Chemist: 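To start, I am sharing the structure in question, which I have written as structure tokens.
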Amino acid sequence: MARVALVTGGTRGIGEAISVALKAAGYTVAATYGGNDEAAHKFRDDTGIHVYKWDVGDFEACKDGIAKVEADLGPVDVLVNNAGITRDGVLHRMDPAAWRAVIATNLDSLFNMTRNVIEGMRNRNYGRIISISSINGQKGQFGQANYSAAKAGVFGFTKAVAQENAAKGVTVNAIAPGYIATEMVKAVPEEVLKTKILPLIPTGRLGEPEEIARCVVFLAAEEAGFITGATLTANGGQYMT
Ligand code: NDP
């Protein structure tokens, strides 16, 4: 039986590439999304991948959604925590709603999703948890106190949960992408991209979503069982830790 992989925010951008790559690698894939029905339905029709809609910032919605996925497809073996948003602004002008939204979607989601699959993985002695952080969680970024805090939190979560589950065949890892050509980066003004971001990337280009998907497929494999608590960085050489 094919292993089941669940990708949050798996219908657009990096998540779309992850869903497609996992399907190509032989997984049965469930892709979740938050609100963009049009993009999700197009993705489903184009790829044949199952889609599910719920808010990853809501614990009960995650619990119910995962139960539905498992009833439809079987137990989740691979969880990819990918859904994320930005609400940029300098801290001295940031309102509580922009802080909360980013923490809820990018960090609370790790608890909400992982908590609802981890017991099953432990019982089956197998699992892969892969969370998408960011270069800006590693180095901080002007105008992104909320996002940098959430993405830095991903590393602490990953290292703690990796220790708790290593003896149960469950690996827990993070990926830290640099700037990738998706809607999220298209929201950055062209001028800022050209003058402030591209000159900092030694490869001289943005990354492609497929280049992050490749990292996920690598960490999801059974053969990656000795890699846990790690961060795989893919940023074109922009920041070396
Ligand atoms: P996109 O904006 O292109 O896609 C985001 C996806 O997440 C969509 O499927 C969206 O659903 C879903 N989503 C957003 N909020 C929620 C929510 N509350 N509940 C459920 N699903 C939600 O983002 P990217 O592909 O660019 O980013 C993917 C991940 O990679 C994020 O975690 C991001 O922080 C991270 N990242 C991105 C980088 C980049 O350069 N693009 C760089 C480093 C990290 P819907 O379609 O319904 O809106």
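Fair warning: this is a prediction, and the values are worked out from it, not measured in the lab. Each ligand, and each atom within it, is numbered from 1 in the order the structure gives.
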Chemist: Quick check on contacts: which atoms of ligand 1 are under 4.0 angstrom from a heavy atom of G34?
Modeler: 11 (O), 19 (N), 20 (C), 21 (N), 22 (C), 45 (P), 47 (O)
Chemist: Looking only at protein heavy atoms, which one is nearest to atom 46 (O) of ligand 1, and what is the separation?
Modeler: R12 NE, 2.7 Å
Chemist: What is the closest protein heavy atom to atom 30 (O) of ligand 1, and at what distance does it sit?
Modeler: I132 CG2, 3.4 Å
Chemist: Tell me the protein heavy atom at minimum distance from atom 19 (N) of ligand 1, and give that distance in Å.
Modeler: V56 N, 3.0 Å
Chemist: Only one of T228, V172, I227 passes side-chain contact (heavy atoms from CB on, under 4.5 Å) with L219; say which it is.
Modeler: I227
Chemist: Could you check whether any side-chain N or O of T11 sits under 3.5 Å from a backbone N or O of F43, counting only pairs where one atom can act as donor and the other as acceptor?
Modeler: no
Chemist: Counting only N and O atoms by type, is there a donor-acceptor contact under 3.5 Å from the side chain of N112 to the main-chain atoms of E60?
Modeler: no
Chemist: For atom 23 (O) of ligand 1, what's the nearest protein heavy-atom neighbour? Residue, atom name and distance, please.
Modeler: M184 CE, 3.9 Å
Chemist: Using a 4.0 Å cut-off to any heavy atom of A83, which atoms of ligand 1 qualify?
Modeler: 7 (O), 13 (N), 21 (N), 22 (C), 32 (O)
Chemist: Determine whether the side chain, the backbone, both or neither of N36 has a heavy atom under 4.0 Å from any heavy atom of ligand 1.
Modeler: both
Chemist: Among all the protein's non-hydrogen atoms, which is closest to atom 37 (C) of ligand 1, and how far away is it?
Modeler: I14 CD1, 3.6 Å
Chemist: Looking at P96, is its backbone amide N or carbonyl O close enough to the side chain of R100 to form a donor-acceptor pair, meaning the two atoms are under 3.5 Å apart?
Modeler: no
Chemist: Check if P209 has a non-hydrogen atom at a distance under 4.0 Å from any atom of ligand 1.
Modeler: no
Chemist: Is G35 in contact with ligand 1, taking contact as a heavy-atom separation below 4.0 Å?
Modeler: yes
Chemist: Please state which option from Y147, Y52, Y179 has its nearest heavy atom closest to atom 33 (C) of ligand 1.
Modeler: Y147
Chemist: If I take atom CE from residue M121 and atom CG from residue N165, how far apart are they, to the nearest 0.5 angstrom?
Modeler: 9.5 Å
Chemist: Looking only at distance, does T182 have an N or O less than 3.5 Å from an N or O of ligand 1?
Modeler: yes
Chemist: Does ligand 1 have any atom sitting under 4.0 Å from a heavy atom of D55?
Modeler: yes
Chemist: How close do E222 and R128 get, counting heavy atoms only, and between which atoms?
Modeler: O-NH2, 3.1 Å
Chemist: Yes or no: does K151 have any heavy atom under 4.0 Å from an atom of ligand 1?
Modeler: yes
Chemist: So how far is it from D108 CG to C62 SG, rounded to the nearest 0.5 Å?
Modeler: 9.5 Å
Chemist: With hydrophobic residues grouped by side-chain heavy-atom distances under 4.5 Å, do I130 and F157 end up in a single group?
Modeler: no
Chemist: Distance-only, no hydrogens or angles: does the T182 side chain make a donor-acceptor pair with backbone N or O of M184 under 3.5 Å?
Modeler: yes
Chemist: When you measure from atom 14 (C) of ligand 1 to every protein heavy atom, which one gives the shortest distance, and what is it?
Modeler: I85 CG2, 3.8 Å
Chemist: With atom 32 (O) of ligand 1 as the reference point, say which of N82, V7, T8 has the nearest heavy atom.
Modeler: N82
Chemist: Is it true that D72 and K68 make a salt bridge, defined as a side-chain N closer than 4.0 Å to a carboxylate O?
Modeler: yes
Chemist: Atom 44 (C) of ligand 1: which protein heavy atom is closest, and how many Å away?
Modeler: S133 O, 3.1 Å
Chemist: Which residue supplies the protein heavy atom nearest to atom 7 (O) of ligand 1, what is that atom called, and how far is it?
Modeler: G9 CA, 3.4 Å
Chemist: Which of the atoms in ligand 1, numbered in the order shown and given with their element, are less than 4.0 Å from a heavy-atom of W54?
Modeler: 19 (N), 20 (C)
Chemist: Between E190 and K186, is there a salt bridge with N-O shorter than 4.0 Å?
Modeler: no
Chemist: Determine, considering heavy atoms only, which of I180, T105, V185 sits nearest to atom 15 (N) of ligand 1.
Modeler: T105
Chemist: Take Q141 and S134 through the test side-chain hydrogen bond (donor to acceptor under 3.5 Å, both in side chains) and record every step on the way to the result.
Modeler: CA-CA 10 Å; Q141 176 60 31; S134 167; over 6 Å; no
